[in-house]
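Just so it is clear, the model here is predicted, and its values are computed rather than measured. Computed over heavy atoms, backbone and side chain alike; hydrogens, waters and symmetry mates excluded. Here, residue 1 is the first one in the sequence, and each next residue gets the next number.
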Amino acid sequence: MLSIEFYKTADGKCPVEDFLDCLADKYVRKVLWVLKIIKELESVPQQYLKKLVATDNIWEIRVQSGNNIFRLLGFFHKSHW
């Protein structure tokens, strides 16, 4: 199983957590559900996770809830392979 770590600034702030704090609860639940899928499945459907073309291994986590689409960008650290 993968572990997911959010970026933190030098002063300890976490932009992803700040973003999630601004969302309605139903959207936060959906984002957390997609993150759980990514952590637990060996083969994640592309609708949730895909490598961005022409990047140096940057991946997009895509969460759709109704007409809203949320995207988080990240990468895989070698220790997680």
Exercise. If you count the non-hydrogen atoms of other residues, nucleotides and ligands that lie under 6.0 Å from CD in Gln46, is the total more than 12?
Worked result: no
Exercise. Does Tyr7 belong to the same Ile/Leu/Val/Met/Phe/Trp/Tyr cluster as Leu20, with side-chain heavy atoms less than 4.5 Å apart forming each link?
Worked result: no
Exercise. Roughly how far, to the nearest 0.5 Å, is the SG atom of Cys14 from the CD atom of Glu5?
Worked result: 10.5 Å
Exercise. Is there a donor-acceptor pair under 3.5 Å between the side chain of Lys51 and the backbone N or O of Thr55?
Worked result: yes
For this session: Supply the atom-to-atom distance Lys39 NZ to Leu32 CG, rounded to the nearest 0.5 angstrom.
Result: 10.0 Å
For this session: Could you walk me through whether Leu52 and Leu73 pass the side chain to side chain contact (heavy atoms under 4.5 Å, CB included) test, one step at a time?
Result: CA-CA 9 Å; Leu52 295 179; Leu73 301 180; 3.8 Å; yes
Exercise. Aromatic ring centroids of Phe75 and Trp59 under 6.0 Å?
Worked result: no
Exercise. Within a reach of under 6.0 Å around NZ of Lys8, are more than 12 heavy atoms found that belong to other residues, nucleotides or ligands?
Worked result: no
Exercise. Taking the six-membered ring for Trp, are Tyr48 and Trp33 ring centroids under 6.0 Å apart?
Worked result: yes
Exercise. Atom CZ in Phe76, atom CD1 in Ile58: separation rounded to 0.5 Å?
Worked result: 11.0 Å
Seminar exercise, completed: Rounded to the nearest 0.5 Å, the CZ atom of Arg62 sits from the CZ atom of Phe70 at a distance of 11.5 Å
Problem set entry | Derivation of the side chain to side chain contact (heavy atoms under 4.5 Å, CB included) call for Gln64 and Asn68 | CA-CA 6 Å; Gln64 183 168 359; Asn68 296 296; over 6 Å; no
Problem set entry | Criterion side chain to side chain contact (heavy atoms under 4.5 Å, CB included) on Phe6 and Asp18, from CA distance to verdict | CA-CA 11 Å; Phe6 295 140; Asp18 293 344; over 6 Å; no
Exercise. CG of Asn67: more than 12 outside heavy atoms within 6.0 angstrom?
Worked result: no
Exercise. Does the side chain to side chain contact (heavy atoms under 4.5 Å, CB included) test come out yes or no for Ile61 and Arg71, once each step is laid out?
Worked result: CA-CA 6 Å; Ile61 297 170; Arg71 291 179 170 92; over 6 Å; no
For this session: Kindly compute the distance separating NZ (Lys36) from CD1 (Ile4), expressed to the nearest 0.5 Å.
Result: 12.0 Å
